[in-house]
Amino acid sequence: MHVGNLRTALYAWLWAKKNNGSFILRIEDTDQARFVEGAEDMVYKTLRTAGLTWDEGPDIGGEYGPYVQSERKDMYLPYARQLVEMGKAYYCFCTKEELDERRAEAEAKGESFKYDKHCLSLSKEEVERRLAAGEPYVIRQNVPTSGKADFDDAIFGHIEVDCAELDDMILIKADGMPTYNFANVIDDHTMGITHVMRGMEYLSSTPKYNLLYDAFGWEKPVYVHLTTIMRDATHKLSKRDGDATFEDLVTAGYLPEAIVNYLSLVGWNPGDEREFFTLDELKEAFSLEGLSKSPAIFDHQKLRWMNAEYIRRLAPERYIELAGPYLDEAGVGSMDKAILARILQPRTEILSDVRDMVRFLARMDEGYELELFTNKKSKTNPEICLGILEDVVPRLAALPEWTETALHDFLMNYAAEKGMKNGTLLWPVRIAMSGQAVTPGGAIEIAALLGRDEALRRLELGLEKLRNM
RNA sequence: GGCCCCUUGGUCAAGCGGUCUAAGACACCGCCCUUUCACGGCGGUAACAGGAGUUCGAGUCUCCUAGGGGUCACCA
């Protein structure tokens, strides 16, 4: 699921829950040509993972079912006929091909195409005859040629357009399915929908829906059009262009809670300075007033930061549980979990980072450069490191116990006795054990993690390299 | 192109006529802490798209311009 869709669902869920309402899941699948296998399941999965539970829906039922539009197919035509009777809609026999051709012609001439109401003038008899003959048809809305169509949006206020700008949209397609434009009106009314939150792209077509509500004399829902989530200033986020879906983010190691929290803040703010929210807290804080009118760019960096914050706040046990698969992948699954959690947790921004961070523990690059032993701040260079390791490695080998505490006590005492900076002693030890300049954790943690044999093997190897320089 | 919507730092954004020499967060930079890197702490750079008007007073209201987005389907 696209993160923009998830955010829309989130806001709708929050608003419903905040007002003790029901959050209803309805599958809009009136375009049979665009059916995608598995898409519906992904909707369920994403919503569940995000914690947005629904009160009524295809899988759990409810008193306003069915909740899948294709299963409601037969409900729409009677309403459309009613509209025809009222003169608010009419049968149209123009084929898609003809219209496409005329549209292309108009476009070629630089004109905008609008259906000319050709079939509106067909006599009732002719319509009956062609219908009886089984000729394919659609039903179009008969939009007045003058006057205004309008509606009120909770965020944007009063929106008004000239009816003359509006096209006679198709209500019932040739295959008997309703268009989204029609189905949503019928369903929202018959299913008792009070609030509609949806993307900006519907803002300009909403006045048309209201003409329908008025024709039926139905009460209109509250409309809340949400601004687009952008990738950059001029492009919206889109799956098509490779932008990450919710599922992609989770797979990459973002926590669902962090994604939801971040998403809630893209286009909405609580009015105070809080930015960390559980779903319950969000429910409490959410308001329509906090919704933004301008589009917002999705900031991966901020999401990353927020995810890191969530990870740091995890109980160590939970962290290990979540990072487990990546630790296993890197081949360090059997190492001391408590130490791993301690050194990794504050450094993990997204779970998948873990893999690369610990790889050296499983297998180090033994061909590392001697220059790694040089570090200005620690006052070391290969010569100094050689001297230190020559003396300290045998002593480490002689340690009766190879625990973090024992290692810590020995190394710290050693540095103190020799009057050297901790860094000067620890630098060569860490480099020899890791083969890399930057590691999560320091020499002591790494030594404990590797275990006596491997740690000493690496230290000896380092000594060897230094002796041969 | 017609119509609709939007416009505060690089990003998310607070601000709803005076308390704005404009908050907070991310990012960036610097310092401190430190066993490398992170974490943490402290500090810093950085914005009202432009122009008219209304008003004693405009980031806040109006109009115009510019820029951006959306929409003009038998897609949703």
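Residue numbering restarts at 1 for every chain, and letters A, B, ... go by the order of the sequence lines. Note that the coordinates shown come from a computational prediction; the quantities given were computed from them, not determined experimentally.
A donor-acceptor contact under 3.5 Å is not formed by the side chain of R347(A) with the base of rC39(B). Judged by atom type and distance alone, R430(A) reaches the base of rU36(B) through a side-chain donor-acceptor pair under 3.5 Å.
Using a 4.0 Å heavy-atom criterion, one finds that E309(A) contacts the sugar-phosphate atoms exclusively. Among the atoms of the strands shown, base atoms are found under 4.0 Å from some heavy atom of M412(A). Contacts of K377(A) with the nucleic acid, taken as non-hydrogen atoms under 4.0 Å apart, include base atoms.
A side-chain donor-acceptor contact under 3.5 Å links Y209(A) and N181(A). Defined by atom type and a distance below 3.5 Å, a donor-acceptor pair is present between the side-chain atoms of Y76(A) and D187(A). Side-chain contact, R198(A) with T206(A): a donor N or O sits under 3.5 Å from an acceptor N or O.
Under the 4.0 Å criterion applied to side-chain N and carboxylate O atoms, D272(A) and R274(A) are assigned as salt-bridge partners.
Nucleotides rA14(B) and rA66(B) are separated by 28 Å at their P atoms, to the nearest Å.
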Scoring nucleotides 69-76 of chain B by protein non-hydrogen atoms under 4.0 Å (B base, S sugar-phosphate only, - none) yields SSS-SBBB
Run the numbers on F360(A) and Y368(A) for ring pair (Phe, Tyr, Trp, His ring centres under 6.0 Å), then give the verdict.
CA-CA 12 Å; F360(A) 78 97; Y368(A) 62 91; over 10 Å; no
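Minimum atom distance to the side chain of A296(A) is reached by rA13(B), of the listed rU35(B), rC6(B), rA13(B).
Both A443(A) and G271(A) lie close to RNA chain B; mapped to their nearest nucleotides by heavy-atom distance, the more 5′-ward contact belongs to G271(A).
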